Amino acid sequence: MGSRTPLRLPVIDFSKPNLKPGSPEWDSVKSQVRKALEEFGCFEALFDKVPVELRKSIFGALEALFDLPLQTKLRNLSKKPFHGYVGQYPQVPLYESMGIDDANIIEKVESMTNNLWPEGKESFSKTIVSFSEQVSELDQTIRRMILESFNLEKDMDEHMNSTNYLLRVMKYKGPQTPETKLGLNAHTDKNIVTILYQNQVDGLEVQTKNGEWIQLKPSPDSFIAMIGDSLYAWTNGRLYSPYHRVMMTGNEARYSAGLFSIPKAGYIIKAPEELVDEEHPLLFKPFDHVEFLGFYYTEAGQRAQSALKTYCGV
Ligand SMILES: O=C(O)CCC(=O)C(=O)O
Ligand SMILES: [Fe+2]
């Protein structure tokens with residue numbers, strides 16, 4: 001018996017120069033996106049629009065941020081759940097993270113930066129905003145392709161305007177042991193689309209529909225794109241939102257940055273009627289994402305096998 005080749009996520013190339021809506025390149029990438037998201041809810045995107053310098057400086061910015069004293073990091077509070085500093089949890093002692101809301105808007109990021117560094121740190125704000133702007137282009141390309149693939153062009157503007165961007169940056173300490181240790185619990189994302197970028201330390205794992213874990217090994221040129229529960233609900237289950245987790249080994253710290261497109265508070269997520277029929281009965285009642293998040297962080301929400309089903313399943 002030969003050993004099985006390890007499962008790999010589909011790799012999709014977004015760095016083609018002619019990737020414009022309507023071109024043959026666009027249509028080919030679009031069908032790859034649709035297929036990968038139906039099957040895995042996730043793929044590796046080759047995307048060269050983020051300059052090499054910026055891809056390096058983002059990790060310098062993250063190191064500076066996480067090197068701040070805990071008391072300082074705790075100053076980044078947020079009214080929205082899981083949007084501020086998160087860390088010091090006994091179940092995931094290697095993990096800490098910081099949310100930067102409206103990370104593509106310079107005024108918002110500057111005010112957060114000044115809160116952390118009262119003496120100012122202009123380079124940090126600039127790096128965060130440029131990185132988020134560039135990666136948001138990939139988010140928008142992917143979402144445009146998804147809606148087109150369902151012939152839902154009529155919903156495009158509403159869909160694009162219903163979200164904002166959170167950049168959540170993560171540090172996972174190396175466990176300093178040869179054994180593998182949990183970095184972040186298995187979960188599905190709750191938002192629309194997540195795009196992850198990491199340093200050279202691997203650890204992210206994505207679960208297939210069959211329950212197998214794929215260990216991701218993205219290159220410095222690749223971003224991991226993933227569907228969250230809100231888009232799973234909006235597409236009435238046509239696209240999958242996969243469980244994923246982080247497992248750590250060795251001595252080196254893993255840094256990662258995730259750009260999350262998130263439905264704005266008050267926006268009601270409701271599957272378009274074109275995606276509901278006899279073969280695909282409605283899965284979820286219309287819901288407000290921020291209220292759903294509130295439920296997710298209650299004890300009942302944490303206990304549920306699928307928080308979304310418990311909250312608004314039909
Ligand atoms: O660090 C990573 O690559 C994954 C982080 C993650 O899954 C999350 O923040 O939702
Ligand atoms: Fe996640």
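Index from 1, following the sequence. Every number for a ligand or one of its atoms is a count from 1 in the order of the listing. Keep in mind the model is a prediction, meaning the values are calculated, not measured.
Using a cut-off of 4.0 Å between Lys/Arg side-chain N and Asp/Glu carboxylate O, E148 and K30 are scored as salt-bridged. Using a 4.0 Å cut-off between charged side-chain N and carboxylate O, E96 and K171 make no salt bridge.
For atom 2 (C) of ligand 1, the closest non-hydrogen atom of the protein is R254 NH1, 3.4 Å. Nearest protein neighbour of atom 6 (C) of ligand 1, counting heavy atoms only, is L184 CD2, 3.7 Å. The protein heavy-atom contact nearest to atom 5 (C) of ligand 1 is Y172 OH, 3.5 Å.
The part of F260 lying near ligand 1 is the side chain, judged by heavy-atom distances below 4.0 Å. Of all the heavy atoms of I224, none lies under 4.0 Å from any atom of ligand 1, so neither backbone nor side chain is involved. Residue-level proximity to ligand 1 for Q198 is absent, since no heavy atom of it falls below 4.0 angstrom.
In this structure, a donor-acceptor pair under 3.5 Å is absent between the side chains of E107 and S111.
Of all N/O/S atoms in D189, OD1 sits nearest the Fe ion (ligand 2).
Angle subtended at the Fe ion (ligand 2) by H244 NE2 and H187 NE2: 90°, rounded to 10 degrees.
Note: Y197 and F223 have parallel aromatic rings, judged against thresholds of 30 and 60 degrees for the angle between ring planes.
Remark: E299 CD is loosely packed, at most 12 non-hydrogen atoms of other residues, nucleotides or ligands lying under 6.0 Å away. In R8, the CZ atom is not crowded: 12 or fewer heavy atoms of neighbouring residues, nucleotides or ligands sit closer than 6.0 Å. Open room surrounds NZ on K309; 12 or fewer heavy atoms of other groups in view lie less than 6.0 Å from it.
With ligand atoms numbered from 1 in the order given, ligand 1 contributes 1 (O), 5 (C), 9 (O) to contacts under 4.0 Å with heavy atoms of M170.
No heavy atom of M226 sits closer than 4.0 Å to any atom of ligand 1.
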